[in-house]
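Keep in mind it's a predicted model, so treat the numbers as computed, not measured. Note that the numbering runs from 1 along the sequence shown for the chain.
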Amino acid sequence: MTGQSGSSCGACKFLRRKCTSKCIFSPYFCYPEGASHFAAIHKVFGASNVSKLLSKIPQQNRSEAAISICYEALARMQDPIYGCVAQIFALEQQIASLQEEIDQLVNYMAYDSFNLPNQESLQDLNNMNTWLPFSFGVDDMSI
């Protein structure tokens, strides 16, 4: 199987060989950036290793495997130590930060919808009461 326009797939272009109908790479690297993506794969994993890996994977899963291998290779080119793990970690931190922000907004909206003072207002009330000879604690208030 050859590329879309009868030319070699990106892997065969990079390896400078003729793309045959039995080429294991052609279904997954026949796109404009195929050669450059395969160059990263070749540098990180080696063409022979990837060929063996793809041949051992069931046909229906090879496309996802090729995409994953390509993604990991490109990530390893940018960050040789952590690869895509660094990107995953950054996304997890972003999710945690956004979840915290969502929780704060939900809390604010819950207090606001019942016209109740929010936690910050209650904290300010406690802070103002500290200088009084007697204080009304937030815990003493039934809301």
Side-chain angles (χ1 to χ4, degrees), residues 1-17 19 22-143:
M1 176 184 283
T2 58
Q4 295 168 346
S5 62
S7 64
S8 295
C9 69
C12 291
K13 284 180 185 175
F14 176 78
L15 296 171
R16 295 182 182 161
R17 66 181 186 191
C19 193
K22 294 182 181 181
C23 178
I24 194 159
F25 300 121
S26 65
Y28 317 111
F29 296 99
C30 285
Y31 53 95
E33 296 88 18
S36 63
H37 288 177
F38 189 80
I41 289 171
H42 179 64
K43 184 171 184 175
V44 174
F45 300 112
S48 177
N49 291 331
V50 175
S51 174
K52 289 175 190 174
L53 179 69
L54 287 176
S55 65
K56 290 180 182 179
I57 295 175
Q59 184 73 33
Q60 67 269 16
N61 297 338
R62 287 184 187 171
S63 179
E64 286 106 10
I67 292 168
S68 296
I69 291 168
C70 184
Y71 187 80
E72 177 63 27
L74 292 171
R76 289 269 176 199
M77 295 296 287
Q78 290 180 340
D79 187 350
I81 304 297
Y82 294 107
C84 66
V85 174
Q87 295 169 348
I88 292 169
F89 183 68
L91 290 171
E92 285 176 344
Q93 287 182 327
Q94 187 178 5
I95 288 170
S97 173
L98 291 171
Q99 187 61 51
E100 184 178 314
E101 189 176 336
I102 288 170
D103 293 343
Q104 289 174 351
L105 289 171
V106 167
N107 187 23
Y108 176 78
M109 288 173 34
Y111 282 109
D112 193 48
S113 65
F114 292 111
N115 293 325
L116 297 174
N118 60 23
Q119 282 299 111
E120 293 161 355
S121 299
L122 294 175
Q123 186 64 35
D124 290 342
L125 181 63
N126 269 344
N127 291 341
M128 289 186 339
N129 286 336
T130 56
W131 58 270
L132 295 174
F134 58 91
S135 66
F136 298 103
V138 175
D139 297 333
D140 299 336
M141 299 175 66
S142 59
I143 297 177

List the atom of [X], the atom of [Y], and the distance in Å for their closest heavy-atom pair.
X: Gly83; Y: Glu72; answer: CA-OE2, 4.0 Å
X: Gln59; Y: Tyr28; answer: NE2-OH, 3.6 Å
X: Ile81; Y: Arg76; answer: O-NH1, 3.0 Å
X: His42; Y: Ala47; answer: ND1-N, 3.2 Å

Just verifying a value: how many Å separate [X] [atom1] and [Y] [atom2], rounded to the nearest 0.5 Å?
X: Arg17; Y: Ser8; atom1: CZ; atom2: OG; result: 9.5 Å
X: Glu92; Y: Ser97; atom1: CD; atom2: OG; result: 13.5 Å
X: Lys52; Y: Asn49; atom1: NZ; atom2: CG; result: 6.0 Å
X: Met109; Y: Ile102; atom1: CE; atom2: CD1; result: 11.0 Å
X: Gln93; Y: Leu98; atom1: CD; atom2: CG; result: 12.0 Å
X: Cys9; Y: Leu15; atom1: SG; atom2: CG; result: 8.0 Å

> Stepwise, does the side-chain contact (heavy atoms from CB on, under 4.5 Å) test hold for Ser51 with Phe25?
Replying inline: CA-CA 8 Å; Ser51 174; Phe25 300 121; 3.7 Å; yes
> Would you say Gln60 has more than 12 foreign heavy atoms packed within less than 6.0 Å of its CD?
Replying inline: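 Check passes, neighbour count above 12.
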> Quick check: does any side chain N or O of Asn61 sit under 3.5 Å from a backbone N or O of Ile57, one acting as donor and the other as acceptor?
Replying inline: no
> Is there a donor-acceptor pair under 3.5 Å between the side chain of Ser68 and the backbone N or O of Glu64?
Replying inline: yes
> So, do Ile41 and Phe29 sit near enough that their side-chain heavy atoms are less than 4.5 Å apart?
Replying inline: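 They are in side-chain contact.
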>> Quick check: do Leu54 and Val50 have side-chain heavy atoms less than 4.5 Å from each other?
In response: yes
